[in-house]
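Structure record follows, encoded as structure tokens.
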Amino acid sequence: MTSFDYPNFKAHFIELLCESAKTLIASGDAVQIELVRTKQANHGDYSCNLAMQLAKPLHKNPREIASLLINALPTSPYLDKVEVAGAGFINLFLKSSAKQQFLRHILQNKETFGHSDFGQAKKIQVEFVSANPTGPLHVGHGRGAAIGASLSSILAAAGFNVSREFYVNDAGRQMDILTLSTWLRYLELNNVHILFPLNAYQGEYVKTMARQIHQAHAQRYVHQPELLLNGLPEIAQEAAVDTDEQLDQLIANAKKVLGQDYVYIHNFVLTEQLGDCRNDLMEFGVEFDTWFSEQSLFDNGLVAHAIELLKKKHYLYQQDGATWFRSTDFGDEKDRVVQRENGQFTYFASDIAYHFNKFERGFEQVINIWGADHHGYIPRVKGALQALGLDPHKLEIALVQFAVLYRAGKKAPMSTRSGEFVTLRELRQEVGKDAARFFYVMRKSDQHLDFDLDLAKSQSNDNPVYYVQYAHARVSSVLAQWDGEVDDLIVADTVVLTSPVELGLLQKLIDFPDIVEMAAKEFSPHVVAFYLRELASEFHSYYNSTRFLVPEIPIQHARLALIASIRQILKNGLTLLGVNAPDKM
RNA sequence: GUGCCCGUAGCUCAAUCGGAUAGAGCACCAGCCUUCUAAGCUGGGGGUUACAGGUUCGAUUCCUGUCGGGCACGCCA
């Protein structure tokens with residue numbers, strides 16, 4: 001764990017108010033003291049609504065309570081003055097000297113500035129992407145990847161012990177469909193033509209994998225294809241298969257005909273797709289600590305174990321030949337099947353085992369980042385956890401809404417069935433990693449995202465990514481021309497930084513750790529993106545109004561200390577979002 | 001039809017879980033480069049927070065209803 005060391009004014013003021021509050025209320029009564037940054041300068045730097053919250057229990061006028069609280073406030077070297085305002089707000093003014101002297105903490109802590117012990121090293125797992133390894137990642141996965149990766153970085157900075165995990169759905173029917181699809185394409189290469197099912201994987205990458213198998217093994221996997229259509233209605237022999245039942249029959253036939261060779265093709269396509277996925281994500285700046293195999297849950301008997309546990313607790317029953325979980329006991333709309341009539345466990349069954357296993361591995365908090373289309377799935381998973389005696393609140397599910405691409409002001413079409421979707425790789429190639437990562441987290445994750453491709457590509461002031469990066473590059477450029485050591489600025493006397501712009505910037509820099517903490521608390525990376533835009537904006541304004549490389553050395557060094565600190569925080573913030581901070585643009 | 005999410009400036013979105021005069025960017029209008037990067041800055045207009053009630057010191061935020069949009073309602077994953 002990285003070390004950090006700097007004062008936390010907000011926490012300090014909360015402590016003062018807490019001391020003060022003890023004079024008015026019984027010590028046993030826990031009061032949540034909330035301190036917020038003010039929006040207007042004449043309201044001070046921090047504001048507290050404690051007096052208004054106490055008005056009812058104390059049966060007193062809020063302004064009167066505020067005065068009492070202020071009188072009982074311990075002295076502090078950081079506190080300039082305190083005022084009662086409005087309906088009973090307590091406004092606190094941070095001393096200018098405290099702001100000015102804060103710069104050295106930023107310059108000393110460098111990349112650890114912004115870190116905190118808010119998370120208290122709590123073991124937390126973030127599971128995200130977890131796309132079926134049945135084809136390339138598309139732009140929808142991209143958003144989950146960007147949000148998951150950024151959130152993980154933010155949580156780590158806020159002092160959590162974070163584990164990033166990708167759940168690999170390598171056991172299900174979808175993998176069988178991909179295996180079959182690839183084999184059929186392979187047969188085509190060997191001049192065995194069976195009408196390609198409409199509901200199989202149509203993408204070009206399937207043909208690519210078939211070619212790879214063909215090149216490596218020639219005709220080795222051409223086994224009695226004439227048996228493939230056994231059990232299928234006459235019609236399927238002349239027209240392409242397009243129902244689930246028929247597709248499942250094809251898969252069953254393929255397994256029978258291929259025997260062990262089916263396993264080979266299955267493993268080949270899985271390895272191929274997973275490798276492609278991992279590579280794609282790595283180039284997107286997204287990496288995982290664990291790739292957790294769904295198949296391993298079956299191999300290690302964890303699915304059977306979890307189901308057995310539910311059975312012992314009487315949450316299962318038989319109906320229509322299947323085994324059902326009583327999820328309605330936990331608020332779900334209907335009960336859910338965990339084991340099908342044919343003996344196969346459902347995806348839900350392995351998911352129960354998976355989530356049970358997460359907590360067995362010691363995670364104190366688990367976050368799942370899911371596409372919003374899975375929201376109906378939440379009650380049954382939480383219900384299963386509860387049934388297993390676990391606290392469902394320890395599982396947080398963050399829903400991510402779809403990203404809709406716009407090109408030239410028009411929606412870019414998306415269709416997964418035909419295979420004509422925009423892949424994450426194509427998006428990266430078109431707009432670049434930095435723009436993609438930033439755009440994905442610019443909006444609250446549970447909101448739809450309109451992704452403007454033209455804007456993301458544009459090298460103009462309209463593009464927020466470049467706007468922030470440009471601020472970073474500008475500082476670098478000035479510091480390069482100064483030609484001194486940034487570390488020497490730690491001792492600069494910053495008392496000359498007194499203009500409203502400078503004091504505003506100083507406060508903005510002080511806010512950064514609180515921003516990271518808030519983003520962590522609310523699972524909201526977009527908070528960081530907004531903050532960076534605001535900081536860049538205040539910097540650009542400062543840049544245009546003030547010269548830094550002035551002849552007067554004390555002033556020069558003070559201003560350079562300020563912009564060097566700004567640069568550090570821009571870099572730290574961009575790093576949290578997986579965006580580069582270039583020195584030249 | 002039932003459940004969940006959403007509705008804020010012309011457009012895209014914020015608003016620190018109920019706080020002060022609801023904020024940015026884009027677009028529009030008017031200005032700023034012989035000076036550290038104009039991928040920048042300064043100023044201006046723009047709102048009954050979809051609508052109607054309710055809760056209280058105080059509501060974009062919480063509750064109810066209406067309208068409008070999205071998603072989900074498989075022994076798929």
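Each chain gets a letter, A, B and so on, in the order the sequences are listed, and its residues count up from 1.
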Can you give each donor-acceptor pair under 3.5 Å made by side-chain atoms of residues 436-444 of chain A, sequence neighbours left out, with the distance rounded to 0.1 Å?
from: A:Arg437; atom 1: NE; to: A:Leu577; atom 2: O; distance (Å): 3.3
from: A:Arg437; atom 1: NH1; to: A:Phe284; atom 2: O; distance (Å): 2.9
from: A:Arg437; atom 1: NH1; to: A:Gly285; atom 2: O; distance (Å): 3.2
from: A:Arg437; atom 1: NH2; to: A:Ser150; atom 2: OG; distance (Å): 3.4
from: A:Arg437; atom 1: NH2; to: A:Leu577; atom 2: O; distance (Å): 3.2
from: A:Tyr440; atom 1: OH; to: A:Val139; atom 2: O; distance (Å): 2.7

(request) Stems involving RNA chain B: give each as a range paired with a range, ordered by first number, where a stem means at least three consecutive Watson-Crick or G-U wobble pairs under 3.5 Å. (result)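 Runs of three or more consecutive pairs: B:1-7 with B:67-73, B:10-13 with B:23-26, B:28-32 with B:40-44, B:50-54 with B:62-66.
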
(message) If you compare every side-chain N and O of A:Tyr467 against the phosphate oxygens of B:rC41 (OP1, OP2), does one of them come in below 4.0 Å?
(response) yes

(message) Does B:rU42 have its OP1 or OP2 closer than 4.0 Å to a side-chain nitrogen or oxygen of A:Ser541?
(response)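 Yes, A:Ser541 has a side-chain N/O under 4.0 Å of OP1/OP2 on B:rU42.
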
(request) Using the salt bridge (Lys or Arg N to Asp or Glu O under 4.0 Å) rule, collect all pairs that involve residues 337-353 of chain A, keeping only residues at least two apart or in two chains. (result) none

(request) Any pair with a residue in residues 527-537 of chain A that passes salt bridge (Lys or Arg N to Asp or Glu O under 4.0 Å), sequence neighbours left out, goes on the list, sorted by first then second residue, please. (result) A:Lys508-A:Glu534

Which parts of [range] get close to RNA chain B, meaning a heavy atom less than 4.0 angstrom away?
range: residues 443-450 of chain A; result: A:Arg443, A:Lys444, A:Gln447, A:His448, A:Asp450
range: residues 33-46 of chain A; result: A:Glu34, A:Val36, A:Arg37, A:Lys39, A:Gln40, A:His43
range: residues 47-69 of chain A; result: A:Ser47, A:Asn49, A:Met52

(request) Would you tell me whether A:Gln469 and A:Asn580 have side-chain atoms, one donor and one acceptor, within less than 3.5 Å of each other? (result)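 There is no such pair between these side chains.
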
Could you list the donor-acceptor pairs under 3.5 angstrom formed between side-chain atoms of residues 555-568 of chain A and any protein atom two or more places apart in sequence or on another chain?
from: A:Gln556; atom 1: OE1; to: A:Trp482; atom 2: NE1; distance (Å): 3.3
from: A:Gln556; atom 1: NE2; to: A:Val550; atom 2: O; distance (Å): 3.1
from: A:Arg559; atom 1: NH1; to: A:Arg547; atom 2: O; distance (Å): 2.9
from: A:Ser565; atom 1: OG; to: A:Ala561; atom 2: O; distance (Å): 2.7
from: A:Arg567; atom 1: NH1; to: A:Ser476; atom 2: OG; distance (Å): 3.0
from: A:Gln568; atom 1: NE2; to: A:Asn572; atom 2: OD1; distance (Å): 3.0

(message) Would A:Arg474 and A:Tyr543 count as a cation-pi pair here, with the cationic atom under 6.0 angstrom from the ring centre and within 45° of the axis?
(response) yes

(request) List the protein contact pattern of nucleotides 72-77 of chain B with one symbol per nucleotide (5' to 3'): B for base contact, S for sugar-phosphate-only contact, - for none; contact means a heavy-atom distance under 4.0 Å. (result) SSBBSB

(message) For A:Phe402, give me all partners under ring-ring contact (aromatic ring centres under 6.0 Å, His included), at least two apart in sequence or on another chain.
(response) none

Pairs under 3.5 Å (N/O, protein and nucleotides 61-64 of chain B):
none

(message) A:Phe118: which residues meet the side chain to side chain contact (heavy atoms under 4.5 Å, CB included) condition with it, sequence neighbours left out?
(response)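 Expected list: A:Ser116, A:Ala158, A:Phe160, A:Glu517, A:Lys521.
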
